[in-house]
Amino acid sequence: MATTLLWRNFDAQAGDFCMSIEAMPLYVDIERIDNEIRELGRDEDGPLEPAELFPFDQIHYQGTDAVERAIRLLGLDTVSRVLEIGSGVGGPARYLAHTVGCRVTALELQDRLHAISARLTARCGLGDRVTHLRGDALTYPLPETAFDAVVSWLAIHHMPERPRVLARLARTLRPGGRIYIEDLSERAPFTASDLPDVTRTIFGVTLTSADEYVRDLRDAGFVDVAATDMTSDWQAFAVARARAWRDARDRHVRVHGQATYGRLERFFFTVAHLFESGSLGGLGLIGRT
Ligand SMILES: C[S@@+](CC[C@H](N)C(=O)[O-])C[C@H]1O[C@@H](n2cnc3c(N)ncnc32)[C@H](O)[C@@H]1O
C-alpha cells in the first residue's frame, strides 16, 4: 500500500483552496511566542533563560517530558551530535542543549519559524551548541555519517515521501547511530467528514498505521525498530489542552488577540476530536543504523 495515504492538491479541486503548511493554524499565529515573551515582562531582544520558554516553545505533545524521553531512550550525553528534523521554533533543540549540553543541528522548513528559533537561541546564549538550518528534510544536503542521533517530534507526518526522508536520515547517522521519532498515525480510516480537518487543520500529508511506519524505517536501513502507541496519553493531553485554552479565554484574548485565540481554539478542539474519533493516533518510534 502507498505510504502517503492522504495527499490533497487543493489546487486541483474546484471550490477548494491551495493550502501551504504556513497557513496551518498552528503556524499562522506563531507570533504568539513573542506575545508570551512580552507577557513575561522581557524586552524585545534582551537575554532569556531557556527554561522561561519551555512552557510555550515545545510544539508537540507532553512538552519537555517528550524530550526527556528521547534523552533517556537514546542515551544522549554532552558529546552527542544530534540532528533534529522539523525543529519548529527551536524548543526541543534548546532543551537538549541546555539540559544535556550536547550539540544540536536543527533543520526547519519554514522561514518564519527558522528566524524565530535562531533569534531565541541566540538570546538564550545557546548559539555555540545549537545550529539552526533552514531547509527541507527531503532535499537539504545532510552530511553522511555525521550524527550520533536523529530526533523528530510531530514533523514527519507533514512530509510527502516518508521512505525517502527516512533513508536520508539513516545515511546522515554514523553506523550504530540511533533515531527517535514521535509522530501522528492513522489507527483507523478517517471518516469523509473528518478528512478536510486531517489535510487542512493538521496538514497530515503522510499518516499511516504503526506497522507501515515500522516497515518504512526498516526499509530505510534501520534495525531494532520498535514502536510505542502513545495515543491514549496524547488524547488526554489534547483534550486537556483544548479545555485549558478555552478556560483561560480572557487571558489568551488579551495576550494574543481575538483572531489568534479563535483559530487556536478551533485547532485544539479539532485535534482533540480527531483523537476521540479513534482514527488519529500517536507513536514513539526508535531504531538504529
Ligand atoms: C508540529 S511542528 C514541531 C516542531 C518541533 N519539532 C517541536 O516539537 O517543537 C512540525 C515542524 O516540522 C516542520 N516541517 C514540516 N515539513 C518539513 C520538512 N519537509 N523539512 C523540515 N521541516 C519540516 C514544520 O515547518 C514545523 O515547524
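Order of listing sets the numbers, starting from 1, for every ligand and every atom in it.
Few gaps surround CZ on Arg129; more than 12 heavy atoms of other groups in view lie less than 6.0 Å from it. The number of heavy-atom neighbours closer than 6.0 Å to CZ of Arg243, taken from other residues, nucleotides and ligands shown, is 12 or below.
For ligand 1, the polar-atom distance check against Leu154 finds no nitrogen or oxygen pair separated by under 3.5 Å. Residue Met159 has no nitrogen or oxygen atom sitting less than 3.5 Å from a nitrogen or oxygen atom of ligand 1, judged on distance alone. Considering backbone and side-chain atoms alike, Gln58 places every N or O at 3.5 Å or more from each N or O of ligand 1. Not a single N or O atom of Ser87, backbone or side chain, sits closer than 3.5 Å to an N or O atom of ligand 1. Residue Gln110 places at least one N or O, backbone or side chain, under 3.5 Å from an N or O of ligand 1.
When only non-hydrogen protein atoms are considered, atom 23 (C) of ligand 1 lies nearest to Leu109 CB, 3.4 Å. In this structure, the protein non-hydrogen atom closest to atom 9 (O) of ligand 1 is Ile59 N, 2.7 Å. Given atom 11 (C) of ligand 1, the protein heavy atom at minimum distance is Gly86 O, 3.6 Å. Scanning the protein for heavy atoms near atom 2 (S) of ligand 1, the closest one is Tyr27 OH, 3.1 Å.
The residue among Glu108, Glu161, His158 with a heavy atom at the shortest distance from atom 13 (C) of ligand 1 is Glu108.
Taking every non-hydrogen atom of Gly88 and a distance limit under 4.0 Å, the qualifying atoms of ligand 1 come out as 4 (C), 5 (C), 27 (O). Annotation for ligand 1: atoms under 4.0 Å from non-hydrogen atoms of Glu84 are 5 (C), 6 (N). Which parts of ligand 1 touch Ala155 is read off a 4.0 Å heavy-atom cut-off, strictly below it: atoms 10 (C), 12 (O). Residue contact check: Asp136 has heavy atoms under 4.0 Å from atoms 18 (C), 19 (N), 20 (N) of ligand 1. Taking every non-hydrogen atom of Trp153 and a distance limit under 4.0 Å, the qualifying atoms of ligand 1 come out as 3 (C), 6 (N), 8 (O). The Ala137 neighbourhood of ligand 1 comprises atoms 18 (C), 19 (N), 20 (N), 21 (C), with distances under 4.0 Å to a heavy atom of that residue. Within ligand 1, counting atoms from 1 as listed, the ones closer than 4.0 Å to a heavy atom of Gly135 are 20 (N), 21 (C). Within ligand 1, the atoms closer than 4.0 Å to a non-hydrogen atom of His60 are 7 (C), 8 (O), 9 (O), numbered from 1 in the order shown.
Residue contacts with ligand 1 leave out Ala66, since none of its heavy atoms falls under 4.0 Å from the ligand. For the pair Tyr140 and ligand 1, no heavy-atom separation below 4.0 Å is found. Pro92 counts as a contact of ligand 1, since one of its heavy atoms falls under 4.0 Å from the ligand. Taking a 4.0 Å cut-off on heavy atoms, Leu113 registers as neighbouring ligand 1.
In summary, Arg162 and Glu212 do not engage in a salt bridge, as defined by a charged side-chain N under 4.0 Å from a carboxylate O. Looking at Asp111 and Arg134, a side-chain N of the basic residue comes within less than 4.0 Å of a carboxylate O on the acidic one, giving a salt bridge. Taking the charged nitrogens against the carboxylate oxygens, Arg246 and Glu265 do have a contact shorter than 4.0 Å, which makes a salt bridge. With respect to Arg72 and Asp65, no salt bridge is recorded, no charged nitrogen being found less than 4.0 Å from a carboxylate O.
Contacts of Ile21 with ligand 1, taken as heavy-atom pairs under 4.0 Å, involve the side chain alone.
The ring of His157 has its center no closer than 6.0 angstrom to the ring center of Tyr213. In this structure, Trp245 has its ring center closer than 6.0 angstrom to the ring center of Tyr261. In this structure, the ring of Phe267 has its center no less than 6.0 angstrom from the ring center of Tyr27.
Under a hydrophobic-cluster definition in which Ile, Leu, Val, Met, Phe, Trp and Tyr are linked whenever side-chain heavy atoms come within less than 4.5 Å, directly or via other members, Val28 and Val253 are assigned to different clusters. Follow the hydrophobic side-chain contacts under 4.5 Å out from Ile179 and you reach Val214 in the same cluster. Hydrophobic clustering keeps Phe54 apart from Val255 (ILVMFWY residues linked when any side-chain heavy atoms are closer than 4.5 Å, directly or through intermediates).
Nearest heavy-atom pair, Ala272 versus Ala238, reported as atom, atom and distance to 0.1 Å: CB-O, 4.0 Å.
For the residue pair His132 / Thr121, a side-chain donor-acceptor distance below 3.5 Å is found, with atom types taken as modelled.
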